[in-house]
Amino acid sequence: MRAVVARAPGRFAVEQVDRPATGLVVEVEAAGVCAADRMLFSGRHPWGELDWPFTPGHELLGRVVGGVGPFPLGTRVTAEVGLPCGGCEACERGQEHLCARAVHLGGRQVPGAFAEQVGLPAAARVHPVPDALATRQAVLAEPMACAVHAVRRAGVRPGDRVAVAGLGGLGAVVVHAARAKGAASVTAVVRSDEKAALARDLGYDAATSSPRDAAYDTVLDVSGSVDAVEVLLRAVRPGGRVGIYGVYDRPLTLDLNRLAELGELAVAGGHLAPGAFPEAIALLDGVDGDLVVTAEHPLDRITDALTASDRPRLKEIVLP
Ligand SMILES: [Zn+2]
Ligand SMILES: [Zn+2]
């Protein structure tokens, strides 16, 4: 079958590889491209060590076509990114997403979804996806699950005024997750008029490049930008909550008095999407997939999806 094989930074290309011989075999319908995939392309790994060669792609949507598992042939499924070891202290605590021995879908041990088929080992967390969803909605299961977890970690409560920074694949869907938790308003913190208009189309109540000081109960960064976190730390009210969900490329210098003496802020980081998939999949019906999916790429044009682009980008997907 055809699969993308990553051999070195910047060297990702389609090759002929063996079909998966073990595990739950899933025929790929579509796979989302994540900021993490662009990091891999540049030679960095958001979750661990790079181990070449490998087949990337962790935002899987497909149908069961073989192997053993709880799902009948033909079931439309997605899977969680992390495959925990099941035996370490984190796993025994029930925090499998923090398992230090976990392997990841789209790595050397578990070839990913930028391929015609994927073989999911028994440790994979597989979830059914309703047939009624369009491809462009159903392929958003993994980013929506991340959005649900990010909103849970941030502690969004009913009636909250929420501000979110980062209008990429995650920012495009997190507004639904915040609303589902009862947020009274969700404001996008953006850097351009174009993004402000897009945010309103995506369902945000408002968009601003300069949020008022102390105007929000809960702020959430899904941009991975340290500058955006600094803006949000001014925008949250005393006693408010701060969610940090991203991969950051430099440290933040912070006056801790803002968290303690001056603000009594609760700050929570988030990683992956433990226990969030069922809730996320139920939210996909309300998402405008045609707006969120900004480009589709055939497998052999994978580098178009992974390299810098002038076009406006939310979620791009790969079709085998
Ligand atoms: Zn992702
Ligand atoms: Zn473990």
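Counting starts at 1 for both ligands and their atoms, following the listed order.
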ask   = So Arg136 and Glu296, side-chain contact (heavy atoms from CB on, under 4.5 Å) or not? Walk me through it.
value = CA-CA 10 Å; Arg136 287 176 166 217; Glu296 291 179 352; 3.0 Å; yes

query = Is the backbone of Leu50 close enough, under 3.5 Å, to the side chain of Arg108 for a donor and an acceptor to pair up by distance?
reply = no

task = Sequence neighbours left out, what pairs pass salt bridge (Lys or Arg N to Asp or Glu O under 4.0 Å) with at least one residue falling in residues 52-65?
result = Glu59-Lys315, Arg63-Asp131

task = Search all heavy atoms of Leu220 against all heavy atoms of Ala154 and return the closest pair with its distance.
result = CD1-CB, 4.3 Å

ask   = Just checking, is any N or O donor in the side chain of Glu29 or Thr135 under 3.5 Å from an acceptor N or O on the other one?
value = yes

Any donor-acceptor N or O pair under 3.5 Å, side chains Arg313, Thr294 = no

task = Please report the number of protein N, O or S atoms that lie less than 2.8 Å from the Zn ion (ligand 1).
result = 3

